[in-house]
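Following: one structure in structure tokens, then a few remarks.
Chain identifiers are assigned alphabetically (A, B, ...) following the order of the sequence lines, protein sequences preceding nucleic acid strands; residue numbering begins at 1 within each chain.
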2 protein chains.
Amino acid sequence: MDEFDDLLKLDLQICFPLYAASNLVTRTYRGVLEPLGLTYPQYLVLLVLWEADSPQSVGSLGERLHLDSGTLTPLLKRMESAGLVRRSRDPKDERRVLVALTDEGRALKAKAARVPETLFDAFGMSAEDIEALRDQLQDVVRRLSKRDVPAKPGDSGPKAG
Amino acid sequence: MDEFDDLLKLDLQICFPLYAASNLVTRTYRGVLEPLGLTYPQYLVLLVLWEADSPQSVGSLGERLHLDSGTLTPLLKRMESAGLVRRSRDPKDERRVLVALTDEGRALKAKAARVPETLFDAFGMSAEDIEALRDQLQDVVRRLSKRDVPAKPGDSGPKAG
DNA sequence: CACAATTAAATTGTGCGCAATTTAAATCTG
DNA sequence: CAGATTTAAATTGCGCACAATTTAATTGTG
């Protein structure tokens, strides 16, 4: 049992509790969102649209939520067939697809009023502790997002340099 | 714009950065684990088996990783056909399936030596900050895991009482 | 203006994650 | 020890995530 073994121990790693906590949170949301006919990522899309109160492109939704079109396109189609959003090509740039709330999608905001409160209770932590943890996680997201960006043409790639 | 609106703001919630950070971490692992022919949850199974150094039932793996048989059974079958583990019924209790490392699965531990280090670098944070965050996330996992447990027969269920 | 390069979504294919159900083995009753 | 109950995995079905590719529109360049 050496230091190398320690590094491979589950309890000593940060990534596993992050992964497990995320799964547990999504599971907790399930029970709360199912009565609204929503999944957690669908709820996230609505949070963005409710806050912006203007149509958002698939790309800007993806940038905000760190998701790509491979995830968002089928998800948005399901939300569209559920009557929550409308999808239409942007007349200014026909490559873009704009996602807009329907009246039904807007109305769902009132029904989601208790969702944050319910999740807060599930955490069972003080508001201060939650805010502190949130800030640290936002920092992690910022740090890991940087390496997200694909290499620029000018950069020397893995084979170059 | 009232307090209710604030609660629904993405930037003010803890769950979203938790979700985004988890996705980003899994994405970061992908590049590191792909050369080893592993996915992140498969790597987690190996961490448990390497640490225990004895065959584990599907149930105990699931308890440790907060995953159920619906997730683990197909994952373990893929690992078995990749030659990393063997699956066999427990002779003491034919309901159980024991998952044991093969020589190949054990040998992979050496090749995974650099994985924790690589992830540590990706976080770009001090060891102290990472440990502090890890402890907080383990606390979240403990808190959310409690509600995980199904009701005991003695408990008054939603319809009873 | 032609046409190559870039950009935005959609599509394809694989692997989770999980609720709900099914199958089969062990245990608990009488 | 027979039949009901409980337990452990497997199965089924659905919705993400995401890499890789494709399709189509826009932009850049000569």
Side-chain angles (χ1 to χ4, degrees), chain A residues 19-31 33-34 37-45 56-63 65-82 87-99 148-154, chain B residues 19-31 33-34 37-45 56-63 65-82 87-99 148-154:
Chain A
Y19 162 88
S22 176
N23 285 346
L24 284 164
V25 162
T26 303
R27 217 175 300 164
T28 305
Y29 266 108
R30 197 180 305 271
L33 293 177
E34 203 207 19
L38 291 174
T39 64
Y40 182 56
Q42 289 172 12
Y43 171 69
L44 290 178
V45 166
Q56 300 291 306
S57 70
V58 172
S60 73
L61 285 172
E63 193 174 354
L65 301 177
H66 299 278
L67 297 172
D68 68 3
S69 67
T71 299
L72 285 173
T73 296
L75 184 154
L76 292 168
K77 283 183 177 174
R78 281 187 288 273
M79 291 181 77
E80 185 175 39
S81 62
R87 296 160 62 248
S88 57
R89 291 280 166 185
D90 184 347
K92 315 251 184 196
D93 185 341
E94 291 281 345
R95 289 174 304 183
R96 292 173 185 265
V97 165
L98 293 177
V99 181
D148 225 7
V149 185
K152 287 294 193 324
Chain B
Y19 161 87
S22 177
N23 284 346
L24 284 164
V25 163
T26 303
R27 217 175 299 165
T28 305
Y29 267 108
R30 198 179 305 270
L33 294 177
E34 203 207 20
L38 292 174
T39 64
Y40 181 57
Q42 289 172 13
Y43 171 70
L44 290 178
V45 167
Q56 300 290 307
S57 69
V58 172
S60 74
L61 285 173
E63 194 174 353
L65 301 177
H66 300 277
L67 297 172
D68 69 2
S69 68
T71 299
L72 285 173
T73 295
L75 184 153
L76 292 168
K77 283 184 177 174
R78 282 187 288 272
M79 291 181 77
E80 185 174 40
S81 61
R87 295 160 61 248
S88 57
R89 290 279 165 187
D90 184 348
K92 315 252 183 196
D93 185 341
E94 292 279 345
R95 290 172 303 182
R96 292 174 186 266
V97 165
L98 292 178
V99 181
D148 226 5
V149 184
K152 288 292 192 328

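The backbone N or O of B/Thr26 sits nowhere less than 3.5 Å from a side-chain atom of B/Asn23 that would complete a donor-acceptor pair. Not one N or O on the side chain of B/Arg87 forms a donor-acceptor pair closer than 3.5 Å with the backbone of B/Leu98.
Using a 4.0 Å cut-off, no side-chain N or O of A/Lys77 falls inside it from OP1 or OP2 of D/dC16. Here B/Tyr19 reaches the OP1 or OP2 of D/dA17: one of its side-chain N or O atoms lies under 4.0 Å away. The shortest distance between the side-chain N/O atoms of B/Tyr40 and the OP1/OP2 oxygens of D/dA17 is not below 4.0 Å. Remark: A/Arg78 is in phosphate contact with D/dC16, judged by side-chain N or O atoms under 4.0 Å from OP1 or OP2. At D/dC16, one or more side-chain N or O atoms of A/Thr39 fall inside 4.0 Å of OP1 or OP2 (strictly under the cut-off).
Closest to the side chain of A/Leu75, from the set D/dC18, C/dT11, D/dC16, is D/dC16. Distance from the side chain of B/Thr73 is smallest to D/dT11 among D/dT11, C/dC16, C/dT11.
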Between the protein and nucleotides 20-23 of chain C, which nitrogen or oxygen pairs are less than 3.5 angstrom apart?
none

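Heavy atoms of B/Leu67 sit under 4.0 angstrom from primed sugar atoms or phosphate atoms, though from no base atom. Within the 4.0 angstrom heavy-atom criterion, only backbone atoms of the sugar-phosphate kind lie near B/Ser57; the bases stay farther away.
Of all nucleotides present, only C/dC1 satisfies the Watson-Crick or G-U wobble test against D/dG30, with each distance under 3.5 Å.
DNA chain C lies under 4.0 Å from at least one heavy atom of each of the following residues of residues 88-97 of chain A: A/Arg89, A/Arg95, A/Arg96, A/Val97.
A 4.5 Å side-chain heavy-atom check between A/Pro41 and A/Thr71 finds every atom pair outside the cut-off.
For B/Glu63, the CD atom sits in a loose shell: 12 or fewer heavy atoms of surrounding residues, nucleotides or ligands are nearer than 6.0 Å.
By the ring-ring contact (aromatic ring centres under 6.0 Å, His included) test, B/Tyr40 pairs with A/Tyr19, B/Tyr29, sequence neighbours left out.
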